[in-house]
Amino acid sequence: MIGVIPPLVPPPSPLQQLISDPVDPVALLPDRGIEVVYGLAVVADGGRIADKNITAALAWGPGFGVIMSPAAHGALFVRPDSDRAITVSPKGYLRIPYRLRRRVNLYLGDAVLLAAYPERQRLAVHPPSALHALLEPSRLELLGGTRR
């Protein structure tokens, strides 16, 4: 009887490993239980911010009145207000008043993270100072606890 020679298979290439090897799962955060829509905006002249996805999700059209209040952790909370102290502009902008911007260290040209909760008609505006506090644990882990 003649013996069969096993085929010679080269080791997998890095691309093949990416395609076929199992991926370690990343731990997922628990379900928030409520829909959230995220957006980014840059603070423009007069404190104007806008993100069309956010205003569409919240269904806040021109003239819609809101009130803004600072949160303890540095964000601004925005909710509907019948007194219309602050309104959505005809072009879809919200204007953050000067005093509120100073209270949360928000300056013209700063990028802000927006988190809208359409079911509750609420919006959170996270300025850079609030994001620094939020991201501090990641920074420490990434940089090994160094301050520089």
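All values below were derived from every heavy atom in this structure, side-chain atoms included, with hydrogens, water molecules and symmetry-related copies excluded. Just so you know, residue 1 is the first one in the sequence shown, and it goes up from there.
Cluster annotation: Y38 is not connected to L114 through the hydrophobic network of ILVMFWY side chains, with a link wherever side-chain heavy atoms come within less than 4.5 Å. No path of Ile, Leu, Val, Met, Phe, Trp and Tyr side chains, each step under 4.5 Å between heavy atoms, connects Y117 with L58, placing them in separate hydrophobic clusters. Both L100 and V78 are part of a single hydrophobic cluster, where members link through side-chain heavy atoms under 4.5 Å apart. Note on I49: it does not cluster hydrophobically with I67, by side-chain heavy-atom contacts below 4.5 Å among ILVMFWY residues. Cluster membership for V104 and L113, using ILVMFWY side-chain heavy atoms within less than 4.5 angstrom, is not shared.
In this structure a side-chain-to-backbone donor-acceptor pair under 3.5 Å is present from R48 to D45.
Within the 4.5 Å cutoff, side-chain heavy atoms of L76 are placed close to those of P70. For the pair R95/S89, no side-chain contact is recorded, criterion being any heavy-atom separation below 4.5 Å from C-beta on. Looking at P127 and N105, their side chains never come closer than 4.5 Å, going by heavy atoms from C-beta outward. Side-chain atoms of L123 and W60, non-hydrogen and from C-beta on, do get closer than 4.5 Å to each other.
Taking all atoms of both residues into account, the shortest heavy-atom contact from V37 to P118 is CG2-CG, 4.1 Å. When all heavy atoms of P137 and A133 are compared, the pair lying nearest together is CD-O, 4.1 Å. Here the shortest heavy-atom pairing between V42 and G109 reads CG1-O, 3.7 Å. When all heavy atoms are compared, the tightest approach of A115 to V36 is CB-CG2, 4.2 Å. Summarising the geometry of A130 relative to A75, their closest heavy-atom pair is CB-N, 4.1 Å, with the distance given to 0.1 Å. Considering all non-hydrogen atoms of both residues, E35 and E119 come closest at N-OE2, 3.6 Å.
Counted within 6.0 Å of CZ on R102, heavy atoms from surrounding residues, nucleotides or ligands total more than 12; the atom is thus considered enclosed.
Note that NE2 of H132 is 14.0 Å distant from NE2 of H126, once rounded to the nearest 0.5 Å. Here CG of L106 is found 11.5 Å from OH of Y98. Values are rounded to the nearest 0.5 Å. The structure places CG of L143 at 10.5 Å from OG of S138, a figure rounded to the nearest 0.5 Å.
Between H73 and F77, the two ring planes are tilted [angle within 30° to 60°].
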Kindly determine whether V88 and L94 satisfy side-chain contact (heavy atoms from CB on, under 4.5 Å), including the steps that lead there. CA-CA 5 Å; V88 177; L94 273 176; 3.8 Å; yes
